Amino acid sequence: MFDLQLAQATKLVRKGLKHLGLPAPEEIAWTSTPFSGQWGFGTTIGFQIAAEEARSGKKVQVPVRAAEIADLLLKEIGIPQGFARAEAVRGYLNLYVQPTEYARTVVDAVLKQAEGFGQGKAKSERVMVEYAQPNTHHSFHIGHARNAILGESLARIVEFAGFDTIRASYPGDIGLGVIKCLWAYKRFHDGKEPDGVHERGQWLLSIYTEANALLGLDEEDEDLKPTERPEYEAEVREMYAKWDAGDPEVRQLWEETRRWSLDELDEILKLLDIKIDVFFFESEVDEPAKAIVEALIQRGIAEDERPQGGPVIIKIDEKLGLKKEKYRTAVVLRSDGTTLYLTKDLALAKQKFEQYQVDRSVYVVDVRQSFHFVQAFKILELWGFPQAEQCFHLPYGFVTLPEGAMSARRGNVVLFKDVMDETFRRVVQIITEKNPDLPTEQRNEAARQVSMGALSYAMLSIDTKKDMVFDWDRALDFEGQAAPYIQYAHVRANSILQRAGKLPKPLAIEHELAPAEVQLLDRISRFPDEVQRSAQEYKPLLIANYAFNLARDFTDFYQHCPVIKAEGKVRDARLRLTAASKQVLATSLKLLSIQAPEVM
RNA sequence: GCCCCUGUAGCUCAAUGGAUAGAGCGCCGGACUUCUAAUCCGACGGUUGUGCGUUCGAAUCGCACCAGGGGCGCCA
C-alpha cells in the first residue's frame, strides 16, 4: 500500500548517496520494521555499501561503517515526503509513517474497495490448477480432502492475485483398481444398489476392499491368497480385456458405477464449495496418449523397443547429455501397447497448453509422485513446450492415521464425510452451550461454517511438504490457532457494527492511536502484498498465517480499545476500523475457502 | 547405490539472508456487573539434528555427516 511513498523515498536515497559520493546498490529494498506498535519500513543499504567497501579493499569494520553511512544518509535526506519520522539505528535506515494520516488512507481504501481490497491487477498469464483428482470406485477420504482444500485455496489465491484461473479436476476412472471393483460387484453383488449418494460411493469402496482381500493385496502376500485366487485373477483380466474392447455389458456396468462415484464427488465438492471448470477423465486421455507416443518416436525422443519385445522408453539423461543419472529412463508405453500414467499426463499437458492456452500449469498432487512430475516436465521440455518451465508440481505430504498409513485397498480409511459429520455434531453442541439463544436455523448454519472452516484451516495451516497425522482429538480442537478463532473475531466485529447501527462517513482521524490500533492498521495494509506473495509462491499457508495474525491483532484492539463506548470522532474512527477489519478478515478467510459467519 | 523431502520450545507448527527465533497446545497462576470468556493477561519453556564453510549478518545459502520419511523402465 505504500509503494508510492517508498518509491519516492528510494529516489531520495539514491540522490543522497550520489551527493555523498557513495555507490548505490542496484536494488534498494524496504521491509516492515519488526517493532510492534510502530508503523514503518527499513532498509539495509548501509550494510550493503559498507560490505562493498570492505570487499574493494578499504579497511572498514562493516557494522560500524554501516551505522555511519545510515547516519550520514539520514542527515542528507531528512524525512522523505509521506513519512513522519526517520531514524538511523545500527546501520538500518528506518522511515515511519504518520499513523493518523495513513490510518484514514488504509481504512477508506478497504471500505471503498470492499471485497476487492487486496485484489491484484489483472495479469496476462493464465494459470490452470489441477486438483481434486480422486479415483472413482473409491470414496473420498481425508487425504483427498487435503488435496481438494489445498487446491481450491490456491486457485482462489492466484485468481484474486490477478491471474486468469482455470480449475481442473482429473479423476482416475479406469485402471486395474476400477476393474477389480467391477469384478467383485458383478461376481458377488450383481444388481444391488444402496440408496443415497454417499452410501453408494462408500459401498463401492467396501467392494473394492473386498476385491483386494480376495485377490491378495500384493504379489508377496501369499498368506492371504484364497484357493480360488488364480480363477479370480483370470476373471479380472478377462474383464479388463472386455472393457478395453468396448464390451457393452462391462461398459454399461462401468458407466453406472462410475456415475455413482462421480455423483458422490459432486456432492463433496458442493460441500467444499468447489466449482471445477474442466473435468479431464483418465479414460478420455487414453487414446490421445497413444498418439503422443508415436509423435515422440517420430521426433527421436522416444525409443521403440517393441520389436525386441520391450516397451517404448525415453532415456531422458541420455537425451540431455547427462553423465550421471538424474532423470533416468521413463517408460511411456507398455510392451503390450497400453498407456501408462505418465503417457496420459503428457497427453493432458499438451491439451492444457494447446486447447486451454495455459501459461502456468500447477499440479496439486501427493508428494510421492514428485519424480513422476520431474520426468514429465523434462519430457515436455525435450518435446519443445516452453510452458514446461512454468509447470509446477505442488506436492503435499501424506495424511496418515495415528496407527499408520491409510489404505483404500485395505479398507482402513477415514472418510471425509464421516469427519465432517462428526465435526458438525461437535460444533452444534459447542454453539448450543456458548450461545443458547441462537435460533436453530442460524445455529446450524453457523455450525456448518465453523466445522468446515476448522477442517480446512487444519489442512492449510501446515506447510504442504509436511506429512499430517490425522488425529480426531486435534481435528476437533477448536481453540487457539484455528479457524474458529478467526471466525470469532469476525463475529465480534460484526456484533459491534450491528449494535452501532449505521457506519459513519469517511472522516479525518484525530485521536492519538493506541498501539493496538497501529498494529491492526499496519497488518491490514500488508494484505495486498501478502496475496501476491502467496500466489507467486503457491503457498496458501501464508494467507492462513496472515488471517490468524489479523484476527489476533483485531482481538487485541477489541480488548484494549472501546468502540461503541468511545465518543464522537474516536467512536466513528474505530467503527470504521472495525468495519475494515471485518472486511479483510472475511476476504482472507474466503481465500482459504472458509466462510465468515455473522454470528456463532 | 542414486535422487527428493523433513529435522526449530515437552507436543503440533510458524518465521522475505536482517534488528530480541515466534504462535498454539500442554503445565502453573490470574481476569467474566464490560462491544459475547470459542477470549484475554502473566509465568515456564531454545546450542534451530551435528560439524565445517560462504556472508557485514544464517533456522534460512553450500558441503559433509546423523536420524526419520518418500521415490528410482513397463502401478497410479
Side-chain angles (χ1 to χ4, degrees), chain A residues 29 31-35 42-44 46-48 50-55 60-66 89-92 94 133 135 172 175-177 218 282 305 310-315 324-336 338-342 344-345 365-372 374-375 395 397-398 400 427 430-431 433-435 450 461-463 465-469 471 474 477-482 484-485 487-489 491-493 495-500 529 533 537 541 544-545 548-549 552 555-556 558-566 574 578 599-600:
Chain A
T31 54
S32 292
T33 51
F35 316 116
T43 181
T44 58
F47 290 99
Q48 292 168 49
E52 186 52 43
E53 287 181 352
R55 269 195 295 276
V60 295
Q61 276 195 298
V62 173
V64 176
R65 177 62 178 155
V89 185
R90 301 205 314 283
Y92 293 86
N94 296 331
Q133 331 81 327
N135 290 336
L176 195 58
D218 43 54
E282 215 176 313
E305 293 185 343
V312 179
I313 60 170
I314 300 179
K315 294 178 177 170
K324 272 175 68 180
E325 63 170 9
K326 183 161 184 192
Y327 301 101
R328 300 168 191 255
T329 296
V331 174
V332 289
L333 197 70
R334 288 194 189 94
S335 46
D336 67 0
T338 55
T339 65
L340 290 121
Y341 182 52
L342 178 63
K344 291 171 195 163
D345 246 338
V365 181
D366 170 2
V367 67
R368 290 175 305 177
Q369 287 164 43
S370 294
F371 188 60
H372 160 79
V374 166
Q375 288 193 320
F398 212 46
T400 62
V427 174
I430 293 169
I431 296 181
E433 278 167 28
K434 308 247 182 206
N435 197 352
V450 171
S461 58
I462 298 180
D463 193 283
K465 284 175 187 165
K466 290 185 177 161
D467 287 341
M468 263 181 66
V469 177
D471 187 284
R474 254 193 294 142
D477 182 7
F478 306 124
E479 293 188 354
Q481 185 165 2
Y485 179 92
Q487 293 172 316
Y488 186 69
V491 167
R492 293 283 63 77
S495 171
I496 291 174
L497 296 169
Q498 292 302 313
R499 279 171 181 274
D529 285 347
R533 196 158 74 92
E537 297 178 18
L541 170 66
N545 285 341
F548 176 71
N549 287 326
R552 209 172 28 175
T555 303
D556 197 39
Y558 177 88
Q559 212 66 230
H560 290 98
C561 305
V563 178
I564 292 174
K565 285 174 191 159
R574 286 185 175 164
T578 301
V599 291
M600 64 189 264

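In what follows, every heavy atom counts, from backbone to side chain, and hydrogens, waters and symmetry copies are set aside. Below, chains carry the letters A, B, ... as their sequence lines are ordered, and counting in each starts from 1. Just so we're clear, the structure is a prediction, and the values are computed from it rather than from any experiment.
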Please determine, for the side chain of [X], which listed nucleotide ([options]) has the closest atom?
X: A:Arg55; options: B:C40, B:U55, B:G24; answer: B:U55
X: A:Val450; options: B:A38, B:A15, B:C74; answer: B:A38
X: A:Asn94; options: B:A19, B:U36, B:C3; answer: B:A19
X: A:Arg334; options: B:C75, B:A19, B:U16; answer: B:C75
X: A:Arg499; options: B:U36, B:G1, B:A38; answer: B:U36
X: A:Arg552; options: B:C74, B:U16, B:C40; answer: B:C40
X: A:Lys565; options: B:G1, B:U34, B:U39; answer: B:U34

Just call it for [X]: base, sugar-phosphate, or nothing, with non-hydrogen atoms closer than 4.0 Å on any strand.
X: A:Leu340; value: sugar-phosphate
X: A:Phe371; value: sugar-phosphate
X: A:Val563; value: base
X: A:Asn435; value: base
X: A:Tyr485; value: sugar-phosphate
X: A:Gln61; value: nothing
X: A:Leu342; value: nothing
X: A:Thr43; value: nothing
X: A:Asp463; value: sugar-phosphate
X: A:Ile564; value: base
X: A:Arg574; value: nothing
X: A:Asp345; value: nothing
X: A:Arg368; value: sugar-phosphate
X: A:Ala51; value: base

Output yes when a side-chain donor or acceptor of A:Asn549 lies under 3.5 Å from a complementary backbone atom of A:Asn545, and no otherwise.
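Between the backbone of A:Asn545 and the side chain of A:Asn549 there is a qualifying donor-acceptor contact (under 3.5 Å).
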[atom1]-based separation of [M] from [N] [nearest Å]:
N: B:A38; M: B:A67; atom1: C1'; answer: 39 Å
N: B:C61; M: B:U48; atom1: P; answer: 16 Å
N: B:A58; M: B:C66; atom1: P; answer: 26 Å
N: B:U8; M: B:U36; atom1: P; answer: 41 Å
N: B:A9; M: B:C4; atom1: C1'; answer: 29 Å
N: B:U60; M: B:A37; atom1: P; answer: 43 Å

Check whether the aromatic ring of A:Tyr92 stacks on the base of B:A19, taking stacking as ring centres less than 5.5 Å apart and planes within 30° of each other.
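Answer is yes, a stack.
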What residues, two or more places apart in sequence or in another chain, satisfy side chain to side chain contact (heavy atoms under 4.5 Å, CB included) together with A:Tyr558?
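Result, side chain to side chain contact (heavy atoms under 4.5 Å, CB included) vs A:Tyr558: A:Arg492, A:Ile496, A:Phe554.
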Going by atom types alone, do A:Gln48 and A:Thr44 pair a side-chain donor with an acceptor below 3.5 Å?
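Yes.
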Verify the distance criterion only: is there a donor paired with an acceptor across the side chains of A:Tyr341 and A:Gln369 at less than 3.5 Å?
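Yes, a side-chain donor-acceptor pair sits under 3.5 Å.
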Please state whether the base of B:C56 and the side chain of A:Arg65 form at least one donor-acceptor pair under 3.5 Å?
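Between B:C56 and A:Arg65, which were checked side chain against base, a qualifying N/O pair under 3.5 Å is absent.
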Answer with yes or no whether A:Ser335 presents, from its side chain, a donor or acceptor under 3.5 Å of a partner atom in the base of B:C74.
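Between B:C74 and A:Ser335, which were checked side chain against base, a qualifying N/O pair under 3.5 Å is present.
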Within the structure, does a side-chain N or O atom of [X] lie under 4.0 Å from either OP1 or OP2 of [N]?
X: A:Lys466; N: B:G7; value: yes
X: A:Arg533; N: B:U16; value: yes
X: A:Thr555; N: B:U39; value: no
X: A:Tyr341; N: B:A76; value: no
X: A:Lys465; N: B:C5; value: no
X: A:Tyr558; N: B:A38; value: no

Can you label the angle between the A:Tyr485 ring and the A:Phe548 ring as parallel, tilted or perpendicular, going by 30° and 60°?
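Aromatic pair A:Tyr485/A:Phe548 classed tilted.
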Compare every heavy atom of A:Asp467 with every heavy atom of A:Phe398, then report the nearest pair and how far apart it is.
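Here A:Phe398 and A:Asp467 meet closest at N-OD1, 2.8 Å.
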Quick one: A:Asp471 CG to B:G26 C1', roughly how many Å, whole number?
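Rounding to the nearest Å, CG of A:Asp471 and C1' of B:G26 are 14 Å apart.
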NZ/NE/NH1/NH2 to OD/OE distance under 4.0 Å, A:Asp366 and A:Arg368:
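Salt bridge present between A:Asp366 and A:Arg368.
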For the ring pair A:Tyr92 and A:Phe47, is the centre-to-centre distance below 6.0 Å?
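Aromatic pair counts; centres sit under 6.0 Å.
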